Amino acid sequence: MKRRSFIRNGLLAGTSISSMSDNLSAAQSAAKPLIVSTWDFGRFANAEGWKVLASNGHALDAIEQAARVTEADESNKTVGYGGYPDRDGCVTLDACIMDEAGNCGSVMAIEHIKHPISVARKIMEKTPHIILVGDGALQFALENGYKKENLLTPDSKKAWEKWLKNSKYEPVINIENQLYKKQDNSFALGGINNHDTIGLLALDASGRLSGGCTTSGMAFKMHGRVGDSPVIGAGLFVDGEVGAATATGVGEEVIRCVGSHSVVEYIRIGFTPGQACKKMVERIAKRDLQKAKSLQIGFLAIDKLGNVGAFAMQKGFNYSLKSSTEEKVIAVESYFD
Ligand code: SD4
């Protein structure tokens, strides 16, 4: 068993996992503070963010600290260090961060910097801008004390070299970890993991919301391609008065509908976070049902009271939640079975 699957299965064995049916209209609710993040491996990130939240820290700090855990995890092939490179063999990273007051920062297609989430935060706090890309982002990061590193691990290089043999630019978009129920009713993970972006949302003890999203994007993408993850409104949106949302999956489709912003707008008009995520997925499916059948998109949302919900196009999506009373991985309902 690969190290990562081993860690995941081991963790999941001791984790309470709720069924798919209890997380949509009856939103997962938890007393503040709490932190949620996409996918089961978000547990590791949540644990670090929780340290900040449990000591009455700001949700924004919790998000940054949590995201850095995943960025540093070389076994995660689509975030930070160890992420799969683009088709030219370059690891290019995207990230953004946003607080309850609409302050935000974003970094796109940055190379050689292990923690794009922190660079995004620096852009937010130290510049009059919101987005820096490519070489300019790298220059800014180096000026601010970040180290230039090789992010292409031997494992990811090997995967890229294998891909090069056919060089087909066809990202596999619906292969992911499936959370399935075993005969003894416990849960396990199987399948190959192709998308692993982490989107995180936190509500701190003072009721402040923040969010972050960080990724190396689609494996073997075109050089310079940027997905939804660092696009404020698409991969992430936070409105401190209403709620916050983040997305994972095929970024192009999330950008097209400004997905996370739209989810927050549904919450604004009265939908629960789970219903809001479902409405967005349905909208995407309705626009092009044929296309929707072969792509995965997952939304995760929280309202300002700490109600949480999610919905995905395909089964297999899950998210991790940590509060003072709960720590679990939650399987998400999907449009297609
Ligand atoms: C992207 N949305 O770059 C990201 C990829 C992703 O899980 O979420 N993978 O399009």
Side-chain angles (χ1 to χ4, degrees), residues 4 37-42 45 67 70-71 73 75-80 82-87 90-96 106-111 116-117 120 131 133 156 159 169-179 189 191-201 211-237 245-263 277 280-281 284 291-292 294-301 310-320 332 334:
R4 188 168 183 211
S37 51
T38 54
W39 306 108
D40 50 89
F41 60 82
T70 318
E71 288 178 338
D73 176 1
S75 69
N76 185 314
K77 300 300 181 204
T78 58
V79 180
Y84 284 141
D86 62 22
R87 64 185 188 179
C90 311
V91 178
T92 70
L93 305 179
D94 302 330
C96 72
S106 162
V107 64
M108 299 181 179
I110 190 169
E111 291 182 56
I117 195 78
I131 305 169
V133 306
S156 294
Y169 182 55
E170 280 176 9
V172 185
I173 49 181
N174 193 28
I175 297 178
E176 43 205 341
N177 278 306
Q178 301 285 324
L179 194 62
L189 286 167
I192 310 163
N193 206 340
N194 187 54
H195 28 106
D196 268 347
T197 294
I198 187 159
L200 311 106
L201 309 170
C213 195
T214 179
T215 190
S216 55
M218 288 294 172
F220 319 128
K221 62 196 175 185
M222 290 176 71
H223 186 60
R225 179 267 187 189
V226 170
D228 60 317
S229 306
V231 178
I232 300 295
L236 176 75
F237 193 70
T246 188
T248 181
V250 182
E252 282 72 5
E253 300 311 315
V254 177
I255 293 172
R256 232 184 278 290
C257 62
V258 201
S260 293
H261 178 262
S262 304
V263 168
C277 293
M280 267 327 288
V281 169
I284 295 166
K291 194 185 202 182
S294 60
L295 59 86
Q296 175 63 307
I297 290 178
F299 289 107
L300 170 63
F311 200 79
M313 190 67 80
Q314 314 288 344
K315 61 183 180 187
F317 180 43
N318 52 38
Y319 69 92
S320 303
V332 172
S334 57

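We're numbering straight along the sequence, starting at 1. Since this is a predicted model, take the numbers as computed values, not measurements. Indexing begins at 1, ligand by ligand and atom by atom, following the structure's order. Keep in mind that the numbers below use all heavy atoms, side chains included, and drop hydrogens, waters and symmetry copies.
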Peer 1: Under 4.0 Å from a heavy atom of T197: give me the atoms of ligand 1 that qualify, with their elements.
Peer 2: 4 (C), 5 (C), 6 (C), 7 (O), 8 (O), 9 (N)
Peer 1: Is a side-chain donor or acceptor of S106 paired with a backbone partner of V231 at a separation under 3.5 angstrom?
Peer 2: no
Peer 1: Less than 3.5 Å between some nitrogen or oxygen of G249 and one of ligand 1, yes or no?
Peer 2: yes
Peer 1: Return yes or no for this condition: an N or O of T78 is under 3.5 Å from an N or O of ligand 1.
Peer 2: no
Peer 1: When rounded to the nearest 0.5 angstrom, what is the spacing between SG in C96 and CG in D228?
Peer 2: 9.0 Å
Peer 1: Of all the atoms in ligand 1, which lie at a distance below 4.0 Å from a heavy atom belonging to S229?
Peer 2: 2 (N), 4 (C)
Peer 1: Find all atoms of ligand 1 within a distance of less than 4.0 Å from any non-hydrogen atom belonging to G217, and give their numbers and elements.
Peer 2: 3 (O)
Peer 1: Of all the heavy-atom pairs spanning Y84 and A219, show the shortest one and how long it is.
Peer 2: CD1-CB, 3.7 Å
Peer 1: Do R225 and R87 have side chains that approach each other closer than 4.5 Å (heavy atoms only, starting at C-beta)?
Peer 2: no
Peer 1: Tell me whether ligand 1 is touched by K221 - counting only heavy atoms on the residue side and a distance under 4.0 Å.
Peer 2: no
Peer 1: Would you mind reporting whether T38 and T197 have side-chain heavy atoms less than 4.5 Å apart?
Peer 2: no
Peer 1: State whether the shortest distance between N or O atoms of R225 and N or O atoms of ligand 1 falls below 3.5 angstrom.
Peer 2: yes
Peer 1: Closer than 4.0 Å to some heavy atom of T248 - which atoms of ligand 1 meet that?
Peer 2: 6 (C), 7 (O), 8 (O), 9 (N)
Peer 1: With respect to T215, determine whether any N or O atom, backbone or side chain, lies less than 3.5 Å from an N or O atom of ligand 1.
Peer 2: no
Peer 1: So M218 and V250, do their side chains get closer than 4.5 Å, heavy atoms only?
Peer 2: yes
Peer 1: Hey, does G251 come in under 3.5 Å of ligand 1, counting only N/O atoms on both sides?
Peer 2: yes
Peer 1: Is there a donor-acceptor pair closer than 3.5 Å between any side-chain N or O of T70 and the backbone N or O of I198?
Peer 2: no
Peer 1: Need the ligand 1 atom indices (1-based, order shown) with element for anything under 4.0 Å from a heavy-atom of D228.
Peer 2: 1 (C), 2 (N), 4 (C), 10 (O)
Peer 1: Can you confirm, on distance only, whether ligand 1 has an N/O atom lying under 3.5 Å from any N/O atom belonging to D94?
Peer 2: no
Peer 1: Between T214, D94, T215, which is the residue that forms a side chain to side chain contact (heavy atoms under 4.5 Å, CB included) with P116?
Peer 2: T214
